[in-house]
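Contents: one structure, followed by commentary.
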Amino acid sequence: MDKSIFLSSDIDIDTFASCLKKKYSRNSLISFKNDWNNFVVFCQLHHVMALPASTTAIRIFIEKQAKEKKLASIKRSLISISHVHNAFELKDPTQTAQVKAAVGKIRLDKRDDSKQTEGITLSMLAELERQLSSSVELKDIRDLVIWHLMFELLLKRGELRDLTLDDVCFDEFGNCVIQLQQNYYPLSQETTLLLNKWLSASHLTEGYLFRGLDRHQNLSSSHLNDSSIYRIFRRANELLNLEVNFSGLSARVGATKELSKCGYTVHEIQELGRWVSPAMPNQYIGNIERSERQKDKFKKKPE
DNA sequence: TCTCTGATGTGAATAGACGT
DNA sequence: ACGTCTATTCACATCAGAGA
């Protein structure tokens, strides 16, 4: 592949992907491409070469970005630039002392620029139920199950989106069990009731469990859009009249905290929430010390 | 058929997850 | 802690049905 096409600031995703050494998910590719395009535009503006790029060009680029963007974005920019250089067997200009020093400085300046999701609590769930439980609007019925289900199963947004009717099983006594990654999670009576209400009101018989709804209560045939799930949580915010902002992870974060209050150990919560390491649940619980120690296990010992 | 409106979809920025 | 990859957030564009 000719590297000159990488000097255009408008390279498309497929071309970009075909040059990289490894397979990446679509979201990653979109980001890589976008980062690279930004860098090329910067280089054109300053009349310097983008590929291979000089260490100094990169240093100035990230220092400029740091004025507007967050640390996470800058880190990813560097990774994207590095990938393109690797693709053409060029020396990676991001792995130099000069760039590392610049990143270190930005890291210090921006130490606390990331914020953590607000958790939804049991009492908030109860209040939402109080407000909506008698509603016959399809949207109200749907959202109420979603809040409860995500809280009870510590669902990530994507996990909720991908649930199908096949993942929902009832036994002869009407108890409900949800299948997630080969595991079965029983539902509480309360949530089972809400789920049944949704199933009968929506008349769904197959396919995705939750769907988009237009304002005339028409069900969409495809799954709930990621953004829609986010909005469902923002809706909870509005109904509860809270200052804080919920997001798609709020149920997961809130449930983690409630479980911990009820005496569940971090290990148990980790398993319930399908985390690979206990670091995240620790962080949500606010057990900073233990969370740090978990991460410290891999920290290099000082000489 | 047009317009209104409230939803969904898209894409860039940022946060989370996980390996080491 | 830090590097890397992926998922989530959020502003904006776009869509589509109901009523005029």
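First the proteins, then the strands, lettered A, B, ... as listed; each starts at 1. Note that the structure is a prediction, hence the values are computed from the model and not measured.
Proximity of N34(A) to the phosphate of dA13(B): a side-chain N or O atom is located under 4.0 Å from OP1 or OP2. Remark: K22(A) is not in phosphate contact with dT4(C), judged by side-chain N or O atoms under 4.0 Å from OP1 or OP2. At dT8(B), none of the side-chain N or O atoms of N225(A) fall inside 4.0 Å of OP1 or OP2 (strictly under the cut-off). In terms of phosphate contacts, H83(A) brings a side-chain nitrogen or oxygen within less than 4.0 Å of OP1 or OP2 of dC5(C). For the pair T117(A) and dG16(B), the criterion of a side-chain N or O lying under 4.0 Å from OP1 or OP2 is met. Residue Y284(A) places at least one side-chain N or O under 4.0 Å from the OP1 or OP2 atom of dA17(B).
A distance-only check finds a donor-acceptor pair linking the side chain of E258(A) to the backbone of L122(A) [under 3.5 Å]. R142(A) places a side-chain N or O within donor-acceptor distance of the main-chain N or O of R211(A), the cut-off being under 3.5 Å. Judged by distance alone, the side chain of N196(A) and the main-chain N or O of L193(A) form no donor-acceptor pair under 3.5 Å.
The base of dT4(C) lies outside donor-acceptor range of the side chain of R76(A), with no N or O pair under 3.5 Å.
Using a 4.0 Å heavy-atom criterion, one finds that H223(A) contacts no nucleic acid atom at all. If you check every strand for non-hydrogen atoms under 4.0 Å, R234(A) touches sugar and phosphate atoms only. Among the protein residues, S25(A) comes within range of the sugar-phosphate backbone only, with heavy atoms under 4.0 Å from sugar or phosphate atoms but none that close to a base. Here S220(A) lies out of heavy-atom contact (under 4.0 Å) with every strand. The residue K75(A) sits close to a base: some heavy atom pair falls under 4.0 Å. Within the nucleic acid shown, S247(A) comes within 4.0 Å of sugar-phosphate atoms alone, with no base atom in reach, counting heavy atoms only. Across all strands shown, N27(A) has heavy atoms under 4.0 Å from base atoms, whether or not it also approaches the sugar-phosphate. When heavy atoms are screened at a 4.0 angstrom cut-off, K23(A) is found touching no nucleic acid atom at all.
Listed nucleotides dA12(B), dT14(B), dC18(B) differ in distance to V276(A); the shortest reach to its side chain belongs to dC18(B). Proximity note for Q95(A) (side chain, C-beta onward) versus dT9(C), dA13(B), dT4(C): the nearest is dT4(C). Checking dA13(B), dA15(B), dG19(B) against every side-chain atom of K70(A), the shortest atom distance belongs to dA15(B). Between dT8(B), dA17(B), dA7(C), one nucleotide has an atom nearer to the side chain of S228(A) than all others, and that is dT8(B).
Regarding I229(A), its CD1 atom lies at a distance of 16 Å from the P atom of dA7(B), rounded to whole Å. Between the C1' atom of dT8(C) and the CD atom of E118(A) lies a distance of 16 Å, rounded to the nearest Å. For the pair I74(A) CD1 and dA13(B) P, the interatomic distance rounds to 12 Å; values are reported in whole Å. Atoms CD1 (I30(A)) and P (dA7(C)) sit 12 Å apart, rounded to a whole Å. Separating the CZ atom of F32(A) from the P atom of dA13(B) is a distance of 15 Å, rounded to the nearest angstrom. Atom P of nucleotide dA15(B) and atom CD of Q283(A) are separated by 12 Å, given to the nearest angstrom. Between R157(A) atom CZ and dG9(B) atom C1' the separation is 12 Å, expressed in whole Å. dG9(B) atom P lies 14 Å from atom CZ of R26(A), rounded to whole Å.
Annotation: cation-pi pair R274(A)/Y185(A) present, NZ/CZ under 6.0 Å from the ring centroid and within 45° of its normal. Both the sub-6.0 Å distance and the 45° axial angle are not jointly satisfied by R235(A) relative to the ring of W147(A).
Side-chain contact between Y284(A) and L259(A) is absent, with no heavy-atom pair separated by less than 4.5 Å.
Here E63(A) pairs with R59(A) in a salt bridge; the nearest charged N to carboxylate O distance falls below 4.0 Å.
When only modelled atom types and interatomic distance are considered, Q98(A) and T55(A) share no side-chain donor-acceptor pair under 3.5 Å. Side-chain N/O atoms of S123(A) and T121(A) include a donor and acceptor closer than 3.5 Å.
No continuous path of hydrophobic side-chain contacts links V177(A) to F170(A) [ILVMFWY only; heavy atoms under 4.5 Å]. The hydrophobic cluster containing V48(A) does not contain I62(A), counting ILVMFWY residues as joined when their side-chain heavy atoms lie under 4.5 angstrom apart, directly or transitively. The cluster map of Ile, Leu, Val, Met, Phe, Trp and Tyr, joined by side-chain heavy atoms under 4.5 Å apart, puts Y208(A) and L153(A) in different clusters.
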*For nucleotides 13-20 of chain C, read 5' to 3', which letter fits each nucleotide if B means a protein heavy atom sits under 4.0 Å from the base, S means only the sugar-phosphate is that close, and - means neither?*
----BS--
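The minimum heavy-atom distance between A50(A) and F39(A), with the atom names listed, is O-CE2, 3.7 Å.
Of the residues near DNA chain C, K100(A) and S28(A), the one whose nearest nucleotide (by heavy atom distance) lies more toward the 5' end is K100(A). Positionally, the nearest nucleotide of DNA chain B for S227(A) lies more toward the 5' end than for the other of K156(A) and S227(A). Of the two residues near DNA chain B, E68(A) and W275(A), the one whose nearest nucleotide lies more 5' is E68(A).
At a non-hydrogen distance threshold of 4.0 Å, G248(A), L249(A) from residues 248-260 of chain A come into contact with DNA chain C.
Note that CD of E190(A) is 12.5 Å distant from CG of L195(A), once rounded to the nearest 0.5 Å.
Across its full length, the helix from dT1(B)-dA20(C) to dT20(B)-dA1(C) shows an angle of 30° between the axes of its 5 terminal pairs at either end, rounded to 10 degrees.
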